[in-house]
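Input: a single structure, listed below in structure tokens.
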Amino acid sequence: MKRGALADRVAVNPPRAVRMAKRLAARIAAFAPFRRAGTSASFQALAHETPDHKEAVDAFFEKRKPRFTGG
């Protein structure tokens, strides 16, 4: 992958979800496997409650690119 390509791929995602994913990755390394799954599920549930998640679902069904606002 070209330098900067990964950053470009990450940058088009919802900002709140990216922050949550980074936080999750930093925290779960030392967790037991069962705790990793529970923590991941909790973060996913939080992400599903955001305006950006609604925008992603709407964009999918409308066959367009999502316009994330950071909400």
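Owing to the predicted nature of the structure, the values given are computational and were not obtained by experimental measurement.
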Do the side chains of V12 and F60 join up, straight or via other hydrophobic residues, at under 4.5 Å, putting them in one cluster? no

Hydrophobic clustering (ILVMFWY, side-chain heavy atoms < 4.5 Å, transitive) - are L46 and V57 grouped together? no

Looking only at heavy atoms, what is the nearest atom pair of [X] and [Y], with distance?
{"X": "I28", "Y": "S40", "result": "CD1-OG, 4.5 Å"}
{"X": "A47", "Y": "H53", "result": "O-CB, 3.4 Å"}
{"X": "M20", "Y": "F43", "result": "CE-O, 2.9 Å"}

Decide yes or no for D52 and P66: does some side-chain heavy atom of the first lie under 4.5 Å from some side-chain heavy atom of the second? no

Look only at the side chain of E55 and the backbone of R67, and say whether a donor-acceptor pair between them is shorter than 3.5 Å.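 Pair found, side chain donor or acceptor close to backbone of R67.
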
